Amino acid sequence: MALVQGDGLGGGFEHALSFDILFAERSARLGLPEIIFNLFPGMGAYSFLVRRVGRKIAENFILEGKIHTAEELHELGIVDVLVEDGQGEAAIVDYCQRNQQRFAAERAVYLARRVSSPVELEELLRITNIWAETAMTLTDADVRKMERLADAQERRIQRSLKAIT
């Protein structure tokens, strides 16, 4: 299980997609903005999204580069469980307790999913190679866009940290 609280962008979102069950708090924002700087998410997002929502929706999602609300992604079937803000961890505990009686069956369903639609290392490596080849073609303007996005994320993190302390 993965839980997204706050923003899950780029690699953070890719990581969350690799789990069997994706929980997200209502105010979470998730997306793959790499297209903004002429790249694509090359560390698993394509493979995991295709298996969750199909090729057409996955490709549209990646190519639009939009940041989505958790609620939008719950409606699309990307987020499995939508919970209220601040309730994510409690929701996971509750889910585990409520489903304890059927743990073996639920685990078997997720194992069967992996058998029927495996994400193989070979696939991930081939996509990563495509990503690396694409990254080598980035222009100076693309890199500047990437830096501006990273700076904006850092400023947002710093504002959030100041609000907490």
Side-chain angles (χ1 to χ4, degrees), residues 1-83 85 88-89 91-92 110-161:
M1 292 180 197
L3 169 62
V4 178
Q5 300 168 304
D7 292 347
L9 304 175
F13 185 35
E14 281 184 293
H15 182 86
L17 287 169
S18 70
F19 287 81
D20 292 321
I21 305 171
L22 177 52
F23 285 72
E25 291 188 356
R26 192 169 294 281
S27 66
R29 297 174 343 124
L30 305 102
L32 301 165
E34 289 88 341
I35 197 78
I36 294 168
F37 45 84
N38 205 21
L39 206 49
F40 76 101
M43 306 300 151
Y46 186 93
S47 301
F48 292 114
L49 277 173
V50 164
R51 284 159 178 83
R52 280 184 178 262
V53 295
R55 182 198 56 80
K56 184 174 177 61
I57 293 172
E59 288 180 0
N60 286 340
F61 188 91
I62 290 168
L63 291 171
E64 73 181 359
K66 181 181 169 194
I67 307 302
H68 296 268
T69 66
E71 191 166 353
E72 289 171 328
L73 297 189
H74 184 253
E75 290 170 9
L76 277 174
I78 295 171
V79 167
D80 298 301
V81 182
L82 182 65
V83 300
D85 292 346
E89 293 169 28
I92 288 175
Y110 298 132
L111 289 171
R113 177 197 298 171
R114 290 185 204 145
V115 168
S116 71
S117 224
V119 177
E120 302 285 349
L121 178 60
E122 168 87 12
E123 174 184 341
L124 295 172
L125 290 173
R126 290 176 70 191
I127 291 171
T128 300
N129 285 333
I130 294 167
W131 177 89
E133 290 170 8
T134 305
M136 296 303 292
T137 68
L138 293 178
T139 65
D140 289 342
D142 295 328
V143 173
R144 283 192 300 276
K145 287 178 198 169
M146 189 184 316
E147 289 170 343
R148 283 194 301 273
L149 182 62
D151 289 344
Q153 281 183 298
E154 184 60 33
R155 285 191 303 275
R156 187 166 186 202
I157 290 168
Q158 292 306 318
R159 281 193 306 270
S160 295
L161 289 174

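This one's a predicted model, so the numbers in the text were calculated from it and none came from an experiment.
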Practice item. Walk me through it: do Leu49 and Ile57 pass the test side chain to side chain contact (heavy atoms under 4.5 Å, CB included)? Key: CA-CA 8 Å; Leu49 277 173; Ile57 293 172; over 6 Å; no
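- Taking the six-membered ring where tryptophan is involved, the planes of His68 and Phe61 are essentially parallel, since the angle between them stays under 30° and well short of 60°.
- With a 6.0 Å radius and a threshold of 12 heavy atoms from other residues, nucleotides or ligands, Arg126 has its CZ atom at or below the threshold.
- Counting only distance, with no hydrogens or angles, the side chain of Thr128 and the backbone of Gly42 share a donor-acceptor pair below 3.5 Å.
- The main-chain N or O of Gly44 is found under 3.5 Å from a side-chain atom of Glu14 such that the two form a donor-acceptor pair.
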Exercise for review: Could you give me the CA-CA distance, side-chain angles and deciding distance for Tyr46 and Ile130, then say whether side chain to side chain contact (heavy atoms under 4.5 Å, CB included) is met?
Suggested key: CA-CA 12 Å; Tyr46 186 93; Ile130 294 167; over 6 Å; no
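- Counting heavy atoms from C-beta on, the side chains of Glu123 and Ile127 come closer than 4.5 Å.
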Exercise for review: I would like to know whether Ile62 and Ile35 meet side chain to side chain contact (heavy atoms under 4.5 Å, CB included); could you show each step before the answer?
Suggested key: CA-CA 7 Å; Ile62 290 168; Ile35 197 78; 5.7 Å; no
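- A donor-acceptor pair under 3.5 Å is formed between the side chain of Arg51 and the backbone N or O of Pro118.
- Arg26 places no side-chain N or O within 3.5 Å of a backbone atom of Asp85 that could act as its donor or acceptor partner.
- Although no hydrogens or angles enter the test, the distance criterion places no donor-acceptor pair under 3.5 Å between the side chain of Ser117 and the main chain of Arg114.
- The only option from Leu73, Leu3, Val81, Val4 that meets the side-chain contact (heavy atoms from CB on, under 4.5 Å) definition with Leu22 turns out to be Val4.
- Of the possible polar contacts, one joining the Trp131 side chain to the Phe40 backbone as a donor-acceptor pair under 3.5 Å is found.
- In this structure, the separation between OG1 on Thr134 and CG on Asn129 is 10.5 Å, given to the nearest 0.5 Å.
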Exercise for review: Would you please test His74 and Phe23 for side chain to side chain contact (heavy atoms under 4.5 Å, CB included) and show each step?
Suggested key: CA-CA 9 Å; His74 184 253; Phe23 285 72; over 6 Å; no
